[in-house]
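Reviewing the structure listed below.
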Amino acid sequence: ACAAVRDLATGEVLSRRRLVALGAPDLVLAALVLHVTDIDVQERGLLALLALAEDGQRVPLLGVDGPLGGIAEALGPYQEEELDEDTDPMALKRKVIVRSALAAVSLHLPTRLSARGGVAAALAAMRTHAAALEVQRPASAVLRRIAAVGAGHKLPSSSGAAVRGDIAARGGAEVVAEAMRAHGASSSDLQESCCGILGLMAASGLTMRSDLVALGVNELVVRALQQHHSAVELQVVVCSTLCSLGLDLPESQAQIVELGALPLVLQTLRASADDERVQVAGFILMQQLAAREGCAAVRAQMVELGGLEVALDALLRPPASIQVLAWAFEVLCLLCLDGPEPRARAMEHQGLELTLATMRSLIDDADSQERGCVLLDALAGDSLQLRARLLAQATNGLQSVLQAGARQVQRKQVQFLVCALVLKLASDSGESRQRAGSIGACEGVLAAMRAFPKRTDIEACACNALLQLSNRCAENVNRIAAVGGVKTVCLAMFKGEKCLELQEAGLGVLRFLMADSEEIPEEVTDLGGVQIVVGALETFPDSLLVQEHGLSCMSHLCWHNPKNQETVVLKEGVEIALAALRAHGERPKVVAFACAALQSIANEHKKHREVLGNCGAIELILEAMKAHPEAANVQAYACAALQSIASSSFANRRTIMQGGAEDLAISAMELHPRSWKLQEFAQMLLDTLAT
């Protein structure tokens with residue numbers, strides 16, 4: 001009778017549904033329970049259940065008495081209605097409604113089997129006939145179908161967990177493990193079913209996973225892959241099961257590696273390169289093992305075994321599915337984390353080109369974009385040659401990162417990496433700055449700042465990138481100013497007044513933006529720039545960069561601007577500049593811009609000349625000239641400052657001359673004949689002193 005059910009169910013879908021509706025599963029289960037010692041009944045009965053559950057779908061309650069059965073029987077014929085692309089939209093809508101109604105009046109066969117004692121029957125068969133492979137195979141397959149309740153079906157997750165809990169409570173894990181030990185090399189089908197059961201149980205929770213690992217199933221699953229490495233279905237199930245067994249269990253992951261899983265998985269990926277399921281499952285397992293904290297040794301082993309090449313081959317092989325691309329790419333990025341050596345090895349196999357191509361293919365995948373940006377940022381830090389390749393038009397590496405930033409606006413790490421990569425690429429030369437700016441680096445960095453106005457780490461990195469972009473590059477200065485960069489930087493500095501890195505970089509950006517411009521200093525002034533600059537100088541007196549860039553900004557803001565001159569003096573800008581001369585007298589750049597700031601404060605302002613003459617500024621400037629005869633910029637700005645202080649002030653001229661300014665100016669002109677700025681300022685000082 002069981003054989004007849006099996007034969008009838010191995011055919012049309014409607015035949016299986018009719019058998020289910022007539023109660024065949026319950027009758028077969030009853031036969032299995034009553035004749036547990038009869039090997040023929042067990043084999044044929046289990047095969048009959050497998051055939052009945054072939055669809056793995058919900059089966060309409062045809063032939064069942066009552067209103068539900070009547071509804072199902074009335075709707076049944078419409079489910080088989082053939083519809084093509086030209087079908088009337090109303091007919092399509094009717095089919096959707098019919099299917100929804102059938103789902104509401106139907107049962108799920110594996111669920112029914114679990115409710116009617118299917119777990120107990122399958123386990124009893126496996127225990128009673130442990131040596132009979134012909135029973136073990138269908139019994140494990142039925143148990144796997146039942147264990148899959150709730151996995152992939154629209155059923156309450158609690159029902160699936162309860163079924164797998166029932167299997168565990170009845171000693172199912174031990175029975176399955178024993179079957180794998182007894183018939184390990186005999187049947188890949190049995191191993192596949194058993195691994196599937198263990199994987200479903202492991203996915204049910206940490207406690208069950210821990211129990212399975214303690215039972216030694218890791219070794220059994222790895223051995224199954226070793227014994228049946230050519231069975232594709234088994235490869236998929238094994239990789240998935242190992243992922244479940246290692247989830248949130250570092251000790252289990254370490255054991256999987258110790259058991260030799262890595263070379264087997266890589267061998268599997270190579271052998272089944274064209275099978276998407278194997279590729280996805282294998283790369284997911286590699287990702288899990290490589291991503292664990294503190295597992296650099298595992299990643300190194302993967303690289304040594306050829307894992308980089310396997311991942312790159314998956315990216316290169318067309319047409320790769322989105323899933324394969326995403327997981328293989330994540331593995332590639334993880335393996336390139338631990339230093340320049342694996343990255344250099346990847347670059348030997350078109351790693352850069354494949355990374356950029358994958359980022360373009362997965363443009364809407366935020367995780368893949370972030371991983372790609374991390375890898376490209378690391379590559380940019382490895383060598384000047386790689387940075388040049390990232391900027392080259394042939395690769396469009398920077399453009400890919402900027403596109404990632406534009407698409408993933410709300411990903412903090414992506415925005416930070418955009419700024420970090422631009423910073424590295426723009427730091428090499430004027431040509432690299434121009435190339436980066438022409439691609440859109442200025443706009444991309446400013447967009448990152450605006451996307452996260454409260455993240456000082458992003459703003460600081462962005463300002464450092466803008467500092468490099470604007471350094472001696474008029475085109476980038478114009479680009480930054482044209483897209484509102486002045487306001488963005490000022491706002492960031494105002495909000496991040498306590499962040500040293502942000503203040504250092506922001507002042508540097510403002511310095512370069514205001515140099516050689518008449519409009520930008522006015523814009524900075526309107527945005528409260530004087531207060532921002534003076535505040536940074538006061539807050540960070542020990543920072544050489546704050547003092548250098550800040551004093552330069554003060555010089556630009558006060559130049560030919562009486563209002564800013566007054567504001568700076570009222571906010572003790574003179575005292576700040578003199579303090580910088582005293583504290584950092586050995587630093588030529590700080591000294592030079594302190595002198596430049598004093599020059600701008602005194603320029604065409606009689607009252608300020610008197611203030612400077614009476615507060616010791618002249619003596620400090622003369623000391624700076626004596627301390628740095630080799631620094632042309634110190635000599636030039638010192639001469640300019642002394643000239644502004646001496647102008648129209650007999651008392652100041654006398655003090656300056658008594659300090660030996662004439663001899664110092666002449667010596668500087670002789671020592672630096674090619675510095676036209678020094679020659680001009682020194683001659684102006686001499687002319688003023690001779691008046």
For residues 524-536, the side-chain hydrogen bond (donor to acceptor under 3.5 Å, both in side chains) pairs (sequence neighbours left out) are T525-N564
* Asked: Under 4.5 Å between any side-chain heavy atoms of F593 and R511, yes or no?
  -> yes
ask   = Is the shortest distance from a Lys or Arg side-chain nitrogen in E523 or K487 to a carboxylate oxygen in the other one below 4.0 Å?
value = no
Test item: L545 and L507 side chains (from C-beta on) under 4.5 Å apart, heavy atoms:
no
Rounded to the nearest 0.5 Å, the CZ atom of R343 sits from the CG atom of D382 at a distance of 4.0 Å
Does a donor on one side chain sit under 3.5 Å from an acceptor on the other, for Q503 and T539?
-> no
Sorted by chain and residue number, the salt bridge (Lys or Arg N to Asp or Glu O under 4.0 Å) partners of E192 (sequence neighbours excluded) come out as R144
Taken to the nearest 0.5 Å, the spacing of T358 OG1 from L325 CG works out to 5.5 Å
Rounded to the nearest 0.5 angstrom, the NE2-CG distance for H556 and D516 is 7.5 Å
Taken to the nearest 0.5 Å, the spacing of E548 CD from K589 NZ works out to 5.0 Å
message = Main chain of L537, side chain of Q547: is a donor-acceptor contact present, judged purely on distance under 3.5 Å?
response = yes
How about CZ on F452, more than 12 heavy atoms from neighbouring residues, nucleotides or ligands closer than 6.0 Å, or not? yes
Q. Can you list the steps and then say if K412 with E370 is a salt bridge (Lys or Arg N to Asp or Glu O under 4.0 Å)?
A. CA-CA 9 Å; K412 293 187 289 290; E370 183 173 324; over 6 Å; no
Taking S244 for the side chain and A202 for the main chain, is one N or O donor matched with an acceptor at less than 3.5 Å? no
Q) Should the heavy atoms of other residues, nucleotides or ligands under 6.0 Å from CD of E251 be counted, would the total exceed 12? A) yes
Between the CG atom in L332 and the CZ atom in R371, the distance rounded to the nearest 0.5 Å is 11.0 Å
The single option from T268, L266, V265, L335 that satisfies side-chain contact (heavy atoms from CB on, under 4.5 Å) with V310 is L266
The reported gap from SG in C373 to CE in M359 (rounded to nearest 0.5 angstrom) is 4.0 Å
### Task
Keeping the roles fixed (side chain from R433, backbone from N471), state whether a donor-acceptor pair exists under 3.5 Å.
yes
Check this for me, if you would: do R450 and E443 make a salt bridge, where the nitrogen-to-carboxylate-oxygen distance has to be below 4.0 angstrom? no
Quiz prompt | Heavy-atom side-chain contact between S432 and R387 under 4.5 Å | solution = no
Notebook entry, point to check: Between Q369 and Q408, do the side chains contain an N or O donor and an N or O acceptor separated by less than 3.5 Å?
Noted result: no
